[in-house]
Amino acid sequence: DLAFYECKNFKTIYFTQDSKLNLIGNHAFACSSIETITIPSSVTQIGDVSFYDCPNLKSIIFMENSNLISIGKNAFHSSSIERITIPSSVTHIEEKAFYNCKSLKSINFQEDSKLCSIGEKAFLKTSIESILIPSNVSYIGKCTFSECKSLKSFKLSENSKLESLNICILCFSFIRYISIPASVNLINEGAFSSCENLNSAEFFSNILTINQYSFEEDTKLFLVSFPNATKITFFDKSFIGASENLYIFTLPNIEIVNET
């Protein structure tokens with residue numbers, strides 16, 4: 001831990017291809033002037049706060065055949081990375097891992113990603129423009145993509161294992177259209193609130209609960225569609241402040257439950 005903490009004249013570090021390094025410790029490069037780093041394939045864990053507040057850090061590259069399993073809490077918080085490709089071996093991205101990375105525009109996941117969880121606020125206040133969530137992800141924390149002002153496209157795989165969209169997961173983002181696969185049966189409070197460019201949303205679950213404030217203040221929302229639903233539970237403030245011209249499409253003979 002703290003190996004290169006606050007090293008202000010430190011710009012880069014080199015590892016050999018046969019490096020045996022398996023851990024980048026907590027605070028290892030935090031508050032340093034590092035600009036670029038290539039992570040050896042032997043590394044399995046990037047510790048908490050390891051690259052926190054590195055304003056010059058723009059490039060993170062993982063060597064081929066990476067064995068990385070987890071990216072720790074606040075690992076890249078407030079760094080200046082512009083793009084990142086997450087190795088397929090990664091299973092956990094912890095809370096606030098990329099929080100406030102305002103230059104981060106592109107996040108890609110390698111094919112056959114094993115990622116199963118993304119912690120709360122992991123990408124909050126980034127500049128990502130689009131994201132495709134890997135199919136093995138079964139948990140996304142609250143506010144994960146909140147306040148992403150450049151985010152226009154959020155997609156889940158058709159075979160997604162995700163069952164719920166967490167509190168404020170996409171609030172204050174600029175998504176225009178959302179399509180949610182059949183695995184998702186719960187939309188939590190404020191999930192899409194204040195998405196001022198959201199025009200339409202489509203949900204493919206058979207049984208679905210839409211919690212209060214889910215679409216609060218979505219003033220351009222004109223269509224919400226439930227083409228497969230047999231039962232939907234709405235709360236009385238699910239669409240509060242949404243467009244007055246909102247049309248909700250459902251199949252005939254659907255069971256609708258209104259909760260307060």
Side-chain angles (χ1 to χ4, degrees), residues 1-124 126 128 131-141 144 157 161:
D1 295 353
L2 299 166
F4 300 96
Y5 178 69
E6 288 191 337
C7 289
K8 298 302 183 183
N9 296 316
F10 179 75
K11 292 185 177 181
T12 192
I13 188 170
Y14 298 97
F15 298 97
T16 61
Q17 288 284 342
D18 59 351
S19 171
K20 304 301 181 187
L21 183 70
N22 58 32
L23 169 67
I24 296 178
N26 298 341
H27 299 85
F29 297 93
C31 304
S32 72
S33 296
I34 189 169
E35 296 176 354
T36 180
I37 188 169
T38 298
I39 308 293
S41 58
S42 56
V43 172
T44 60
Q45 181 180 351
I46 296 176
D48 297 345
V49 204
S50 49
F51 294 93
Y52 173 82
D53 195 21
C54 291
N56 299 324
L57 180 60
K58 294 183 178 180
S59 176
I60 300 286
I61 297 172
F62 297 96
M63 290 184 185
E64 290 185 7
N65 302 313
S66 174
N67 289 291
L68 187 66
I69 295 173
S70 66
I71 299 174
K73 298 175 183 177
N74 296 288
F76 297 98
H77 187 307
S78 298
S79 73
S80 294
I81 56 174
E82 297 173 349
R83 59 184 53 85
I84 192 165
T85 297
I86 307 296
S88 60
S89 55
V90 173
T91 59
H92 299 282
I93 297 174
E94 302 294 348
E95 63 185 64
K96 297 185 179 180
F98 298 93
Y99 180 97
N100 201 42
C101 291
K102 293 180 179 178
S103 298
L104 182 59
K105 293 183 178 181
S106 174
I107 305 164
N108 292 304
F109 299 95
Q110 288 183 340
E111 290 185 12
D112 301 317
S113 173
K114 295 180 176 63
L115 186 67
C116 59
S117 72
I118 303 175
E120 66 180 57
K121 302 179 182 178
F123 296 99
L124 188 147
T126 63
I128 59 173
I131 191 162
L132 172 61
I133 305 297
S135 60
N136 285 317
V137 173
S138 59
Y139 174 81
I140 301 177
T144 302
S157 303
K161 295 181 180 178

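Remember, predicted model here, so these are calculated numbers, not experimental data.
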For [X] against [Y], the heavy-atom pair lying closest together:
X: Phe76; Y: Cys101; result: O-SG, 3.0 Å
X: Leu115; Y: Ser117; result: CD1-O, 3.6 Å
X: His92; Y: Cys116; result: CE1-SG, 3.6 Å
X: Leu132; Y: Phe109; result: O-CD1, 3.5 Å
X: Thr38; Y: Phe15; result: O-CD1, 3.4 Å
X: Leu68; Y: Ser89; result: O-OG, 2.6 Å

Can you measure from [atom1] ([X]) to [atom2] ([Y]) and round to the nearest 0.5 angstrom?
X: Ile118; Y: Ile93; atom1: CD1; atom2: CD1; result: 5.0 Å
X: Ile140; Y: Glu120; atom1: CD1; atom2: CD; result: 13.0 Å
X: Lys161; Y: Asn136; atom1: NZ; atom2: CG; result: 4.0 Å
X: Ile69; Y: Ile46; atom1: CD1; atom2: CD1; result: 12.0 Å
X: Ser59; Y: Leu57; atom1: OG; atom2: CG; result: 7.5 Å
X: Ile81; Y: Ile61; atom1: CD1; atom2: CD1; result: 12.0 Å

Would you say the side-chain atoms of [X] pair up with the backbone N or O of [Y], donor to acceptor, closer than 3.5 Å?
X: Ser157; Y: Ile133; result: yes
X: Ser42; Y: Ser19; result: yes
X: Asp48; Y: Asn26; result: no
X: Lys8; Y: Cys31; result: yes

Tell me, with the steps shown, if Phe51 and Ile37 meet side chain to side chain contact (heavy atoms under 4.5 Å, CB included). CA-CA 10 Å; Phe51 294 93; Ile37 188 169; 3.8 Å; yes
Quick one: which residue pairs count as a side chain to side chain donor-acceptor pair (under 3.5 Å) with a foot in residues 64-86, not counting sequence neighbours? Ser78-Asn100
Can you find a pair of side-chain heavy atoms, one from Glu35 and one from Thr12, that are under 4.5 Å apart? no
Report yes if the side chains of Ile128 and Leu104 come closer than 4.5 Å at any heavy-atom pair, otherwise no. yes
Begin from the C-alpha positions of Ile107 and Phe98 and carry the test side chain to side chain contact (heavy atoms under 4.5 Å, CB included) through to its verdict. CA-CA 10 Å; Ile107 305 164; Phe98 298 93; over 6 Å; no
Between Phe62 and Val43, is a side chain to side chain contact (heavy atoms under 4.5 Å, CB included) present by the stated rule, with each step listed? CA-CA 9 Å; Phe62 297 96; Val43 172; over 6 Å; no
Under the side chain to side chain contact (heavy atoms under 4.5 Å, CB included) criterion, do Lys96 and Lys121 qualify, and how do the steps go? CA-CA 5 Å; Lys96 297 185 179 180; Lys121 302 179 182 178; 3.8 Å; yes
